[in-house]
Structure formats: C-alpha cells, structure tokens
Amino acid sequence: SFAMTQGRKPRKPRAISANPFGVALRRATRLTETEIASAIAPARECLQKLKEGVATEHQHALLHSILMIAHAIEEGGVVRGLCEQIDASLQAMTDIGARSLESGQWRQAVLFPHELDAIQEMVDLHDYQLRQVSFGELQAVTRKLIAKTLSEGGEAVHVSYEDMGLVPA
C-alpha cells in the first residue's frame, strides 16, 4: 500500500482511552493518603534497617533510588527549595555505600549521626514532596529517572517487598 507521508515515517495510531476524562483526572489529582503511605513506607523501612545496622545492599539501593526520585522532583520544579537537604542525604548514602563495600562484599558500615540526620530529614521531606505532586507528575519523574539510569549504563529492577526483606504497607 502507498501512504502519502512525503518522506516521513507513517503515523502510528495511539491507543484511545474509553474514559479520557478519568485518565486526565487521575493524572492531575494529588496522591491519596493510601498512595502516599505506600510510596513512603519502603523508604521508612529501609531507613529503619540502616538505623539498626542490618540493611542489605538492596535496601540501601532502594533508599538511594527513592532519594533520587526526591532529587528529580526538585529538579523538575514541582517542589523547590530542598536542594541542600537532598544533596546532603545523597552524599550520606554514597558515603555509607562506599564504606559498606570497602571489603568487596556488602557489610553495612556504622552510620555517623550527621548521615542519619540528613537521611531522616530527607525521608520526612520526601513525604512532604509526595503530598504536593500529582500522580502524573510522580509517574513522569519516575519514568524519566529510570530512562536516565538505563541510558547511563545503570540498571532498573522491579522488586517486591518480600524480595527486599520488607513488610508490605
């Protein structure tokens, strides 16, 4: 068949939602208390494991990823003014990770009080961030962060609470 594309690729049809207003409303609405609780619970649980000195490398990576989402929300301009706290928490996570892998195998390092304070403060502020963003904004930020990570040679892994040694909210 011959398409009149004038040298361009033919247009790909997009799926059409049966309820476009519902889709738009869902993307534009803020997160519910339940959604906020389920989004922040893994961060709080991983932080608790860090405090107890028993965090696994995966739990450390999950908390670091959550803090990277907080950083992406800041960069996106949805919630501004948390740059110093985010940078301090990410630096603390990087330092903890480096000390924990000094032997070549993961063994959680002892935390310094300033590291713990920085991470605790940022987890609390991320809760605040989640109350300010819409579902669509959070989804977009997360997709963009995953794409950036993959393009830089990192990996993105979908894991369950059980895989992480956490209890579902």
Side-chain angles (χ1 to χ4, degrees), residues 30-169:
R30 298 234 169 133
L31 300 173
T32 65
E33 283 299 320
T34 305
E35 290 169 330
I36 292 168
S38 69
I40 202 69
R44 294 200 187 285
E45 290 185 48
C46 290
L47 176 59
Q48 187 58 40
K49 298 287 185 187
L50 273 177
K51 287 178 181 178
E52 294 168 4
V54 296
T56 65
E57 187 172 6
H58 291 296
Q59 290 165 342
H60 175 272
L62 176 60
L63 184 54
H64 189 268
S65 297
I66 292 167
L67 296 175
M68 289 299 295
I69 290 171
H71 184 260
I73 291 171
E74 168 80 16
E75 278 186 336
V78 179
V79 180
R80 304 284 305 180
L82 304 177
C83 204
E84 285 182 33
Q85 291 89 343
I86 293 169
D87 290 347
S89 67
L90 288 173
Q91 185 61 54
M93 290 300 290
T94 301
D95 294 346
I96 292 165
R99 289 197 314 274
S100 297
L101 284 170
E102 278 179 349
S103 69
Q105 192 171 10
W106 180 267
R107 184 162 181 254
Q108 188 192 317
V110 175
L111 306 182
F112 294 114
H114 72 277
E115 292 171 333
L116 190 54
D117 291 345
I119 297 166
Q120 177 70 61
E121 181 181 26
M122 197 52 233
V123 168
D124 292 340
L125 289 171
H126 186 51
D127 184 284
Y128 167 77
Q129 280 183 317
L130 292 173
R131 293 174 188 285
Q132 309 307 311
V133 298
S134 72
F135 175 81
E137 289 166 335
L138 182 59
Q139 202 175 41
V141 161
T142 304
R143 270 197 313 267
K144 190 183 289 186
L145 184 59
I146 290 170
K148 180 180 176 192
T149 300
L150 294 174
S151 73
E152 292 174 351
E155 67 180 302
V157 181
H158 181 80
V159 294
S160 69
Y161 282 103
E162 292 77 20
D163 292 340
M164 296 300 295
L166 303 174
V167 179

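Computation of the quantities below employed the complete heavy-atom set of this structure, encompassing side-chain atoms and omitting hydrogens, waters and symmetry-equivalent molecules.
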Chemist: Which side-chain hydrogen bond (donor to acceptor under 3.5 Å, both in side chains) pairs, counting each pair once, include a residue from residues 109-122, with sequence neighbours left out?
Modeler: K51-Q120, R99-E115, Q120-D124
Chemist: Among residues at least two apart in sequence or on other chains, which ones pass side-chain contact (heavy atoms from CB on, under 4.5 Å) with T149?
Modeler: L145
Chemist: Report the residues that fulfil side-chain contact (heavy atoms from CB on, under 4.5 Å) with A55, sequence neighbours left out, ordered by chain and then residue number.
Modeler: K49, L50, Q59, Q108
Chemist: Just to verify, what does E52 make a side chain to side chain donor-acceptor pair (under 3.5 Å) with, not counting sequence neighbours?
Modeler: Q48
Chemist: Run the numbers on L67 and H126 for side-chain contact (heavy atoms from CB on, under 4.5 Å), then give the verdict.
Modeler: CA-CA 8 Å; L67 296 175; H126 186 51; 5.6 Å; no
Chemist: Passes side-chain contact (heavy atoms from CB on, under 4.5 Å), I119 versus I96? Steps please.
Modeler: CA-CA 11 Å; I119 297 166; I96 292 165; 3.6 Å; yes
Chemist: Is any side-chain heavy atom of V141 less than 4.5 Å from a side-chain heavy atom of V133?
Modeler: no
Chemist: Would you say that M122 contacts Q129 through its side chain, given a criterion of any heavy-atom pair below 4.5 Å between the two side chains?
Modeler: yes
Chemist: Which atom pairs, donor and acceptor, lie under 3.5 Å between side-chain atoms of residues 87-94 and protein residues at least two apart or in another chain?
Modeler:
{"unit_1": "S89", "atom_1": "OG", "unit_2": "Q85", "atom_2": "O", "d": "3.4"}
{"unit_1": "S89", "atom_1": "OG", "unit_2": "I86", "atom_2": "O", "d": "2.9"}
{"unit_1": "Q91", "atom_1": "NE2", "unit_2": "D95", "atom_2": "OD1", "d": "2.7"}
{"unit_1": "T94", "atom_1": "OG1", "unit_2": "L90", "atom_2": "O", "d": "2.9"}

Chemist: For R80, enumerate each residue passing the side-chain contact (heavy atoms from CB on, under 4.5 Å) test, keeping only those at least two apart in sequence or located in another chain.
Modeler: E74
Chemist: Going through the checks in order, is the side-chain contact (heavy atoms from CB on, under 4.5 Å) test met by I36 and R30?
Modeler: CA-CA 10 Å; I36 292 168; R30 298 234 169 133; over 6 Å; no
Chemist: Side-chain contact test, heavy atoms from C-beta onward, threshold under 4.5 Å: evaluate it for L138 versus I73 and give yes or no.
Modeler: yes
Chemist: For R131, check salt bridge (charged side-chain N to carboxylate O under 4.0 Å, His left out) against everything at least two apart and list the hits.
Modeler: E33, D127
Chemist: Take K148 and R143 through the side-chain contact (heavy atoms from CB on, under 4.5 Å) test and state the conclusion after the steps.
Modeler: CA-CA 9 Å; K148 180 180 176 192; R143 270 197 313 267; over 6 Å; no
Chemist: Using the test side-chain contact (heavy atoms from CB on, under 4.5 Å), find all partners of A43 that sit at least two apart in sequence or belong to another chain.
Modeler: I40, L63, I66, V123
Chemist: For the residue pair E137 and S134, what are the closest heavy atoms and their distance?
Modeler: OE1-N, 2.7 Å
Chemist: Show me the pairs that pass ring-ring contact (aromatic ring centres under 6.0 Å, His included) and involve residues 83-106, at least two apart or across chains.
Modeler: H60-W106
Chemist: Return the OG to CD1 distance between S151 and I146, rounded to the nearest 0.5 Å.
Modeler: 12.0 Å
